[in-house]
Amino acid sequence: MNRISWDQYFMSQSHLLALRSTCTRLAVGATIVRDKRIIAGGYNGSIAGGVHCSDEGCYVIDNHCVRTIHAEMNALLQCAKFGVPTEGAEIYVTHFPCLQCCKAIIQSGIKTVYYAVDYKNHPYAIELFEQANVKVEHVEFDNMPNEAKEQEKRAFVTDLIEKLADTMNESEIKRLYNESDKLFS
């Protein structure tokens, strides 16, 4: 019997967590691991008990949803909430971490970042990881569940519609969203 590698196992967990995301723009999951044991997991979404983007739409300011807490941050905060040390741990993330998450990862003492998908890889984040001696490794991940693939596609289409919104009237935008919904139902 062939077993999947540890990297595939933990990355699969991150993709599974991403299925809990309430972000309609991009579903992301993160798994923090120490000594081959999962110590925390997170996905991007709203604060506990708060309004979700999947229910109310995104709250976008300067092209960023300010309602969403990133998956990496949620996983780190879970460790802080329950007193779990992250020094020397590893994190598996479905997408390359943003600059703010990069800084939080470094400050938490995590020593290795594994990611499956390049996503707006900020040059300064890469530089900071190098300065802090945090190893960054791309993990090929082909076993993404169909639901996660559908979320990725839906997020891409939604992003395109949002970019077109300034050039179209409300009825045209509504028509595009309806057509999008038909594609993914």
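Nothing fancy with the numbering, it's 1 onward along the sequence.
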Give a yes or no on whether the backbone of Y92 and the side-chain of S14 come within a donor-acceptor separation of less than 3.5 Å.
yes
Hey, can you tell me if Y9 and W6 have their rings parallel, tilted or perpendicular (30° and 60° cut-offs)?
perpendicular
Flag yes if I38 and I4 sit in one hydrophobic cluster, no otherwise; membership is Ile, Leu, Val, Met, Phe, Trp, Tyr, and two members link when side-chain heavy atoms are under 4.5 Å apart.
yes
Rounded to the nearest 0.5 Å, what separation is found between the CD atom of E90 and the CZ atom of R34?
11.0 Å
Could you state whether L99 and V113 fall into the same hydrophobic cluster, counting links through intermediate Ile, Leu, Val, Met, Phe, Trp or Tyr residues with side-chain heavy atoms under 4.5 angstrom apart?
yes
Please check this pair: side chain of T68 against backbone of C65, looking for a donor-acceptor N/O pair closer than 3.5 Å.
no
Could you tell me which non-hydrogen atom of P85 sits nearest to which non-hydrogen atom of I39, and how far apart they are?
O-CD1, 3.7 Å
Do other residues, nucleotides or ligands put more than 12 heavy atoms under 6.0 Å from Q107 CD?
no
Provide the closest heavy-atom pair for A18 versus G29 in the form atom of the first, atom of the second, distance.
CB-N, 3.6 Å
Lys/Arg N to Asp/Glu carboxylate O, R25 vs E162, below 4.0 Å:
yes
Measuring from atom CE of M73 to atom CD1 of I105, what distance do you get when rounded to the nearest 0.5 angstrom?
8.0 Å
Please tabulate, for side-chain N and O atoms in residues 43-58, each donor-acceptor pair with protein atoms closer than 3.5 Å (sequence neighbours left out).
unit_1: Y43; atom_1: OH; unit_2: R20; atom_2: NH2; d: 3.4
unit_1: N44; atom_1: OD1; unit_2: S21; atom_2: OG; d: 2.7
unit_1: N44; atom_1: OD1; unit_2: V28; atom_2: N; d: 2.9
unit_1: N44; atom_1: ND2; unit_2: L26; atom_2: O; d: 2.6
unit_1: S46; atom_1: OG; unit_2: V51; atom_2: O; d: 2.6
unit_1: H52; atom_1: ND1; unit_2: T22; atom_2: OG1; d: 3.3

E72 versus H95, closest heavy-atom pair with distance:
OE2-O, 4.2 Å
Considering all heavy atoms, the nearest H15-A116 contact
CE1-CB, 3.7 Å
Would you mind writing out the side-chain donor-acceptor pairs for residues 120-129 within the sub-3.5 Å range, not counting sequence neighbours?
unit_1: N121; atom_1: OD1; unit_2: Y119; atom_2: N; d: 2.8
unit_1: N121; atom_1: ND2; unit_2: D118; atom_2: OD1; d: 2.8
unit_1: H122; atom_1: ND1; unit_2: Y124; atom_2: N; d: 3.0
unit_1: E127; atom_1: OE2; unit_2: Q131; atom_2: NE2; d: 3.2

For Q8, is there any backbone N or O sitting under 3.5 Å from a side-chain donor or acceptor partner on S5?
yes
Tightest non-hydrogen contact, residues V134 and T112, listed as CG1-N, 4.2 Å
Looking at every non-hydrogen atom in both residues, tell me the closest pair between G42 and N74 and how far apart they are.
CA-CB, 4.1 Å
Is there a donor-acceptor contact under 3.5 Å from the side chain of N169 to the main chain of S171?
yes
